[in-house]
Amino acid sequence: MDQYELYCLADRHFYDTLEHSTAADAGFSILHRPAPAGWSSETTETWCYYAPGNEPPMPAQGWKIHVSARLDDAEKAIAAVYDYCIPRMIPFKFLRGPAVLVMVNSKAASRASSGKLITIYPRDEAQLELVLKELDELLRDVQGPYILSDLRYGKGPLFVRYGGFAERHCLSGGERVLAVEDGDGTLVPDVRGAIFSVPPWTTLPEFLKPHLAARNAVTMSDLPYEIDRVLHFSNGGGVYLARHLHTGDQVVLKEARPHAGLDALGRDAVTRLAHERAILERLAGLGVAPQLRDHFTVGEHHFLVQEFVDGTPLQRRLVHRYPLTRATCDAEDLDTYTRWALDTLDQVEAAIEALHERGVVFGDLHPDNILLTEDGRVVLIDYEVATLTDDGARAALAHPAFVAPPDRQGADVDRYAMACLRLGLFAPQCTIMLPLSPKKVAQLGELVAETFPGTGDMARKAAATIMGSAPSRPAPSEPAPSEPASTDGGRTDSGRTRAEETGAEDPPMPGSAPWPDLRDALRRAITAAATSDRDDRLFPGDVAQFRPGGGLNLAHGAAGVLYALAVTGAGRFPEYDDWLRERARRPIPGSGLGLYDGLHGIAYVLDRLGYRQDALDVVDICLREKWEGLESALHTGLAGIGLNLLHLGEPELTKAGLRAVDICADRLGGPDDVPEVSGGTNPRAGLMYGSSGPALLFLHAYEHTGDPSLLDLARTALQQDLRRCREAQDGSLQVNQGWRLLPYVDEGSAGIALVLARYLSHRDDPALAAALADLLKAARSGFFVQPGLFTGRAGIIAALAGVPAEPDTAQVLEAHVKGLRWHALPYGGGLAFPGDQLLRLSMDFSTGSAGVLFALHTVLGEEPGHLPFLEAASAVRPVTYDLQKEV
């Protein structure tokens with residue numbers, strides 16, 4: 001979940017950073033020391049940086065040292081490195097506190113960065129060797145996880161890797177990424193994988209070669225197993241499909257790395273693997289658990305050998321069978337799915353009861369841990385957090401959509417998760433929202449019963465089990481404070497506590513309430529969440545708002561929320577406008593420049609709000625930066641920048657906007673000059689990050705200049721995105737990411753459709769018209785996992801409202817508006833929606849309530865609304881001067 005859990009530690013309702021928490025991690029004790037004379041220090045939500053002020057600047061890149069430490073040794077390791085580096089004037093950084101260390105070393109953490117407690121930046125290879133040699137003695141008693149991206153020095157907690165010291169960027173696959181210089185001085189991606197490697201333009205220092213040889217000497221060649229393929233990786237280790245060399249039997253090898261993959265109790269993967277071995281021995285002969293075959297150790301890695309169960313995870317069956325994600329779903333499809341789901345749920349419950357009869361509580365029930373075989377066998381896998389029934393204990397790890405509240409212990413933990421699974425097979429992922437509102441449980445049961453005939457009794461019983469004696473629960477890995485953490489004492493701008501506001505009466509619901517009531521309810525929730533006393537953000541939103549300048553921008557910051565409130569008629573708020581204006585004129589270092597991630601989007605909103613001079617001042621700041629080297633994307637790069645420059649209409653800005661057009665055109669290539677798969681190591685497709693963004697810029701430039709070659713460029717760009725689309729089971733055309741198809745606005749079919757419709761308003765093209773019809777088929781699906789504007793149902797609503805209507809468009813839109821009930825939640829006396837990952841509420845434009853407000857306005861508002869620069873072509877403000885002469 002991209003470390004979303006880290007941002008759940010500080011507040012029970014919103015994503016936030018630890019420095020704004022009174023209930024979470026206070027940091028390592030060394031933070032209480034003042035920075036030494038001549039040193040500068042900075043603390044973020046993750047890292048604490050120390051750098052000598054009067055020394056020559058450190059190199060931009062080189063061999064860096066990482067120190068790994070388990071929780072018990074972290075304070076000792078930090079103190080030793082601090083005392084070593086300060087007198088030697090060596091810059092370093094370390095994780096800010098124990099909660100962050102547990103999170104970045106958790107089972108779900110990134111394997112590429114896990115284990116790194118401290119980073120040290122030597123000036124050259126001579127200092128690298130000396131620091132390693134001397135710290136190896138000082139840290140001899142420190143133990144920590146192996147850092148997979150690095151080379152280990154000796155047998156202690158020191159590791160080395162070549163990479164960037166300073167933050168520099170380059171374009172890779174059309175996107176801006178962290179960079180280092182190659183041997184020719186060209187910036188290339190600073191690849192940070194889970195395998196140690198030496199860049200081709202440098203060599204491993206001679207003194208490190210014995211350590212590389214020691215690393216390579218550890219192999220599995222003497223074992224009687226041959227690994228065929230990887231089934232799964234986590235930070236705790238891998239799961240592999242293997243074959244016994246003597247018998248030929250297929251088996252599963254489960255790996256555990258010491259001190260890595262921590263759970264909420266601080267236990268590492270090795271401890272949990274030993275526990276799983278004991279549980280599997282207890283379950284021997286029980287058909288609902290895999291049989292234990294063997295166990296062994298290689299180097300420091302521990303392995304269990306288990307029976308290979310040739311089954312399909314329930315999650316994969318759910319994705320393939322769930323009918324509401326298909327545009328062609330009918331009553332028969334609903335009935336067929338319902339019968340399959342209810343039968344499967346009964347089989348899973350029988351498997352759980354079989355475990356209970358053996359005295360075992362599974363503790364981690366979710367669809368990925370349930371295998372269904374072709375012969376009808378149900379097998380539950382992954383027993384590392386299982387407990388014994390008689391102990392009345394709780395699992396230390398659990399999927400956030402199935403984690404039981406604190407009052408459930410022993411077998412009731414499984415019964416709670418089973419009830420969530422019963423609702424979850426009909427409302428995928430929706431039970432993850434239950435901590436945000438106790439009232440959501442009953443409503444979710446009602447929605448399931450209403451949508452899937454024959455599920456009424458099941459849904460009501462499941463909801464009753466979930467509600468039990470406790471109405472709500474804290475989020476995973478989160479303490480349960482009596483009041484939510486807040487810098488303002490738990491009070492919002494309304495003067496009420498957030499707990500009081502969340503407990504408000506049921507708000508009006510989409511699909512049943514008039515538009516003015518919905519708009520007012522969303523406004524109440526958004527303004528109730530405002531924190532105007534903070535400098536980093538005004539409205540809580542996605543975790544991306546904690547990147548430099550993210551709390552101000554159009555996608556995740558104040559600009560997007562104020563834009564949505566203003567254009568929908570929900571109100572103007574001068575004090576909030578002033579908050580944005582003041583900070584926009586003095587952006588913090590590292591702020592983005594783009595339309596959605598940065599200053600150009602803020603300028604666009606300021607202009608729309610009537611602050612023309614502020615907008616021009618912000619754009620002037622942007623033009624002093626090296627903006628021409630940015631990627632072409634609408635969200636972060638030249639497409640969005642060019643659109644805003646043309647929009648503002650000043651002659652010099654128009655020249656700069658046309659310069660952005662020229663750069664995007666030079667980079668474009670031909671229709672087939674992109675891979676057929678989007679994302680991963682390939683450039684992404686779609687409106688926000690793909691070729692549709694430049695296509696939109698070309699169309700606006702055509703509308704300003706009348707140059708038909710720009711239409712040709714737009715067609716080529718759209719063809720590039722269509723090349724990365726594939727036909728789904730229901731006949732819809734969606735963006736192909738290899739492992740999934742995407743229908744959304746940001747990098748899916750809906751965003752491409754918006755630009756393609758605009759292109760077709762200028763030029764007839766039967767082939768592209770047919771593609772548009774196929775792209776829009778996905779918008780007729782009945783369920784979307786998230787509600788947001790960029791990656792959810794709200795975006796589908798806005799997309800359908802932004803293209804020419806079909807005979808049934810009004811009916812489809814009505815169903816989508818009503819469908820927002822799946823995710824609607826009370827907050828602040830109004831109506832709110834969860835953000836990305838559904839773990840917390842969001843008020844931002846991209847993922848949260850402001851985006852839903854904007855989308856509803858596009859279909860319910862008095863005047864049609866459209867996403868920025870996606871209004872009808874005839875509505876573009878005409879040029880009032882001779883553009884060709886100016887250029």
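As a basis for the values below, the full set of heavy atoms in this structure was taken, side chains included, without hydrogen atoms, waters or symmetry mates.
N105 places a side-chain N or O within 3.5 Å of a backbone atom of G115 that can act as its donor or acceptor partner. Listed for the R111 side chain is a donor-acceptor partner under 3.5 Å among the backbone atoms of S234. Side-chain atoms of R152 come within 3.5 Å of backbone N or O of K155 as a donor-acceptor pair. Within the 3.5 Å criterion, the main-chain N or O of G594 finds a donor-acceptor partner in the side chain of D597. A distance-only check finds a donor-acceptor pair linking the side chain of Q545 to the backbone of H556 [under 3.5 Å]. Listed for the D182 side chain is a donor-acceptor partner under 3.5 Å among the backbone atoms of D184. Of the possible polar contacts, none joining the S846 side chain to the A555 backbone as a donor-acceptor pair under 3.5 Å is found. The closest donor-acceptor contact from the side chain of S149 to the backbone of A112 lies under 3.5 Å. A donor-acceptor distance shorter than 3.5 angstrom exists from the side chain of S591 to the backbone of I588, with no hydrogens or angles considered. The main-chain N or O of L31 is never found under 3.5 Å from a side-chain atom of R96 such that the two would form a donor-acceptor pair.
For the pair R192 and D190, the salt-bridge criterion is met [side-chain N within less than 4.0 Å of a carboxylate O]. D268 has no carboxylate O lying under 4.0 Å from a charged side-chain N of R272, or vice versa, which leaves the two without a salt bridge.
Between D83 and P87 the shortest heavy-atom distance is O-CD, 3.0 Å. Taking both residues in full, the closest heavy atoms of L595 and G640 are given as CB-CA, 3.7 Å, listed atom of the first, atom of the second, then distance. The two residues I621 and L599 have their closest heavy-atom pair at CG2-CD1, 4.2 Å. Between A633 and Y689, the closest heavy-atom pair is CB-CA, 3.9 Å. Minimum heavy-atom separation, G835 to S842: CA-CB, 3.5 Å. Considering all non-hydrogen atoms of both residues, Y162 and P199 come closest at CD2-CG, 3.6 Å.
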List the steps and the verdict of ring pair (Phe, Tyr, Trp, His ring centres under 6.0 Å) for Y225 and Y240. CA-CA 11 Å; Y225 302 101; Y240 310 91; over 10 Å; no
Should R88 and Q127 be marked as a side-chain hydrogen bond (donor to acceptor under 3.5 Å, both in side chains) after you check the CA-CA gap, both sets of side-chain angles, and the distance that decides it? CA-CA 10 Å; R88 294 166 177 80; Q127 190 175 61; over 6 Å; no
May I have the step-by-step check of side-chain hydrogen bond (donor to acceptor under 3.5 Å, both in side chains) for E300 and Y146, ending in yes or no? CA-CA 9 Å; E300 297 180 351; Y146 196 104; over 6 Å; no
How far apart are the C-alpha atoms of E631 and R684, what are their side-chain angles, what is the distance that settles it, and do they pass the salt bridge (Lys or Arg N to Asp or Glu O under 4.0 Å) test? CA-CA 12 Å; E631 61 269 38; R684 287 189 278 179; over 6 Å; no
Give the intermediate values and the outcome of side-chain contact (heavy atoms from CB on, under 4.5 Å) for residues W63 and V198. CA-CA 10 Å; W63 290 96; V198 180; 4.2 Å; yes
Stepwise salt bridge (Lys or Arg N to Asp or Glu O under 4.0 Å) check, R537 with D844: CA-CA 11 Å; R537 76 163 193 211; D844 72 26; over 6 Å; no
What do the steps show when you test I65 against V160 for side-chain contact (heavy atoms from CB on, under 4.5 Å), and what is the final call? CA-CA 5 Å; I65 299 170; V160 294; 4.3 Å; yes
Report the C-alpha distance between E747 and F790 in whole Å, list the side-chain angles of each, state the deciding distance to 0.1 Å, and finish with yes or no for side-chain contact (heavy atoms from CB on, under 4.5 Å). CA-CA 8 Å; E747 49 185 316; F790 284 12; over 6 Å; no
Worked check of side-chain contact (heavy atoms from CB on, under 4.5 Å) between Y15 and C8: CA-CA 5 Å; Y15 296 121; C8 290; 3.9 Å; yes
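I120 has its side chain within reach of L135: a pair of non-hydrogen atoms, C-beta onward, lies under 4.5 Å apart. Taking 4.5 Å as the limit, every side-chain heavy atom of S106 sits out of range of all side-chain heavy atoms of N235. At least one side-chain heavy atom of I86 sits less than 4.5 Å from a side-chain heavy atom of F92. T46 has its side chain within reach of L95: a pair of non-hydrogen atoms, C-beta onward, lies under 4.5 Å apart. Side-chain contact between D535 and R583 is present, with at least one heavy-atom pair separated by less than 4.5 Å. Inter-residue side-chain proximity for L128 and F207 is flagged as met; some heavy-atom pair is nearer than 4.5 Å. Between H635 and D746 the shortest side-chain heavy-atom distance does not fall below 4.5 Å. Side-chain atoms of L117 and D73, non-hydrogen and from C-beta on, never get closer than 4.5 Å to each other.
Ring centroids of Y50 and Y82 are separated by less than 6.0 Å, placing the two rings close together. Annotation: Y153 is in aromatic contact with H211 [ring centroid separation under 6.0 Å].
The environment of CZ in R229 is sparse: at most 12 heavy-atom neighbours from other residues, nucleotides or ligands sit within 6.0 Å. Counting non-hydrogen atoms of other residues, nucleotides and ligands closer than 6.0 Å to CD of E75 gives a total above 12.
The OG atom of S691 sits 12.0 Å away from the CG atom of L634 when rounded to the nearest 0.5 Å. Note: K93 NZ to W47 CH2 = 4.5 Å, rounded to the nearest 0.5 Å. The CG atom of L130 sits 7.5 Å away from atom CD1 of I90, with the distance rounded to the nearest 0.5 Å. The CZ atom of R140 lies 10.0 Å from the CG atom of L158; values are rounded to the nearest 0.5 Å. Atoms CD1 and CG, on I602 and L552 in that order, are 4.5 Å from each other to the nearest 0.5 Å. Rounding to the nearest 0.5 angstrom, the gap separating the CG atom in L623 from the CD atom in E628 is 9.5 Å.
The aromatic rings of F303 and F296 sit parallel to each other, their planes meeting at less than 30°, with 60° as the upper class boundary.
For K107, the salt bridge (Lys or Arg N to Asp or Glu O under 4.0 Å) test picks out D382, E384, with sequence neighbours left out. Remark: F165 engages Y121 in a ring pair (Phe, Tyr, Trp, His ring centres under 6.0 Å) (not counting sequence neighbours).
Because its NZ or CZ atom is not both nearer than 6.0 Å to the ring centre of F196 and within 45° of the ring axis, R215 does not count as a cation-pi partner of that residue.
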